[in-house]
Amino acid sequence: MSPSPQTPWTLPEPAVLESLRAALLHWYDDAGRVLPWRKEQDPYRIWISEIMLQQTQVKTVLSYYDRWLQAFPTLETLAQADLQQVLKLWEGLGYYSRARNLHRAAQQVMAEHQGIFPQQLEQVLSLPGIGRTTAGGILSAAFNQPISILDGNVKRIFARLTTLPKPPGKAQKQLWQLSDAMVDRENPRDFNQALMDLGATICTPRAPKCDRCPWMSHCLAYQTRTPTYWPMRETPPVRPHKTIGVAVIWNHQGQLLIDRRLDKGLLGGLWEFPGGKLEPGETLPECIKREIQEELAIDIEVGDHLITIDHAYTHFRVTLNVYNCRYCSGTPQAIECQEIRWVTLEELDQFPFPKANLKIIQALRDRGVPQLGG
DNA sequence: GATTCGTGGTA
DNA sequence: TTACCAAGAAT
C-alpha cells in the first residue's frame, strides 16, 4: 500500500543539493551515454534532436535524426523545404505536429532572426513546438545556459528522491522549483544531460538499478525500499474503441484513391485511405459506401475484404476494416480533407502515411491489383 | 487544467 | 491481451 511520507515535502538543503550535483556530474563522466547530438554545437541540430526526443526513446530517434540531417542539413534548408517532404521524413515517428511545427518555426527564425537560432529564452519559447523543457534542453546543451528541464526522466527521479506525495502532473510547481534549485550553475550542459541519462539508464520506470545510483544515499524511495512505487500514478482515462470502415477505391485505370487529412488534429497533413466510423445497425460495406458518399461525393461498389488492422493510439483504439472497392460514378470532392489524388501502387511511397495505413499498403503489395467484378 | 496529440517496447 | 510509458506541447 501507499507509503505515506513521514514529513511534509520540502526542497533539499543547499548542502545536499551541492552534494547531489557533484555526485551526478562525477557519475556522468564515467557512465554518460555517447549520443550523436552531444558532439554537436550547432543549435539547429540540437533543436532537431530535442523535438524528436519528445515522448520518444533514443533508440527510435537515432535513424530518423541521421536521415533528417542528410535531407535538411541547415535551418535554412528546412525552412525552404516542402511540408510534404518534411512529413515524409517524419513518417512513422508519430506526433506529427512536431514536424509541422519544426517547419513553421524554421520559417519564423528566418523571418524574425535572420536565420540565426535565438539564444534568449523568451524568443526560443515563442517558437512553435518548443515549451519550457525543450527550451531548457536546447539552451543548456547548445549554449551552456543554466536553464532547468523537467521531462519524464527528471520527474521520475525527483519523485523518488523526495517521495513526492502526489502524481507529477499535480506537482508541477514543486518539481520545477526543485529542478531550478538543482541545476548546476557551473556546468548546466552536462548536468541536464546527466539527469536524463540517470533516468534513462539507472532510475528506470521498472527495475531501477539503485545499487549503481550516485544518488542512492540521499534517495528517500531507496531508503524506504519503495523505488518503483514512485512516481505516484494518475488514474488513467478509459480509452474508447472505434470500428472504422476503410475503402481502397480502384478506378478503371488501375489507380487507387487517397486523400490528405486536414493540417490540424490527428495525423494532420498525412495521406490516408478514406473511410469512417461504423454506425449502430450498419454493416461494414454499408458504412463504407455511406462514408465515401459523404466525404468524397462519389458512388462506389464495395468488394471483398482486404485486411483488418487493430491500432492503439494514446487515447483510443481503432479497428480498421479495409475493403477493396470499385469506383462507379461522380467526381471526388475534398469535403472533409484538403486534397484527393488517384495514384498507382508504385507512387504510394512518395506520400507520408500513418503507420496503420502503411500496413494497408503492404497488404496491397502482397496481394496485387484485385479482380473486381461488375 | 484537462484533453488531444503516435508509435514501439516491455512485462 | 492489456497496461504502462518514453528527452512534452498546444489548446
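Convention: sequence-line order gives letters A, B, ...; per-chain numbering from 1. The model shown is predicted, which means the values in this text are computed figures rather than measured ones.
The residue A/T134 sits close only to the backbone: its heavy atoms come under 4.0 Å of sugar-phosphate atoms, none of a base. Nucleic acid contact for A/R206: base, since at least one base atom lies under 4.0 Å from a heavy atom of the residue. Among the atoms of the strands shown, none is found under 4.0 Å from any heavy atom of A/L150. A/G92 comes within 4.0 angstrom of the backbone, heavy atoms only, and of no base. When heavy atoms are screened at a 4.0 angstrom cut-off, A/R156 is found touching the sugar-phosphate backbone but no base atom. Note on A/L195: nothing from the nucleic acid sits closer than 4.0 angstrom, heavy atoms only. Contacts of A/P236 with the nucleic acid, taken as non-hydrogen atoms under 4.0 Å apart, involve only primed sugar atoms and P, OP1 or OP2. No engagement by A/G169 is indicated, since no non-hydrogen atom pair under 4.0 Å with the nucleic acid exists. Residue contacts for A/R38: at a heavy-atom cut-off of 4.0 Å it reaches a base atom on one of the strands shown. Base contact: A/T56 has a heavy atom under 4.0 Å from a base atom.
We find that A/R290 and A/E294 are joined by a salt bridge, their nearest charged nitrogen and carboxylate oxygen being less than 4.0 Å apart. Under the 4.0 Å criterion applied to side-chain N and carboxylate O atoms, A/K289 and A/D299 are assigned as salt-bridge partners.
Remark: A/H315 is in phosphate contact with B/dC5, judged by side-chain N or O atoms under 4.0 Å from OP1 or OP2. Residue A/Y95 has no polar side-chain atom (N or O) positioned under 4.0 Å from OP1 or OP2 of C/dA6. Proximity of A/K355 to the phosphate of B/dG8: a side-chain N or O atom is located under 4.0 Å from OP1 or OP2. Side-chain N/O atoms of A/R233 include one lying less than 4.0 angstrom from OP1 or OP2 on C/dC5. For C/dA3, one of the phosphate oxygens OP1 or OP2 lies less than 4.0 angstrom from a side-chain nitrogen or oxygen of A/R317.
Between A/E50 atom CD and C/dG8 atom P the separation is 9 Å, expressed in whole Å. Taking atom CD1 on A/I46 and atom C1' on C/dA7, their separation rounds to 13 Å, with Å as the unit. Rounded to whole Å, the distance from CD on A/Q55 to P on B/dT7 is 14 Å. Look at CG on A/L266: it is 13 Å from C1' on B/dT3, rounded to the nearest Å.
Side-chain contact check for A/V318 versus A/D310: every heavy-atom pair is 4.5 Å or farther apart.
When distances run from any side-chain atom of A/D151 to the nucleotides B/dG9, B/dC5, C/dA7, the shortest one goes to C/dA7.
In summary, the side chains of A/W250 and A/N324 do present a donor paired with an acceptor at a separation below 3.5 Å, with no hydrogens or angles considered.
Taking the ring centre of A/Y64 as origin, the terminal cationic atom of A/R67 falls inside the region bounded by 6.0 Å and 45° from the ring axis.
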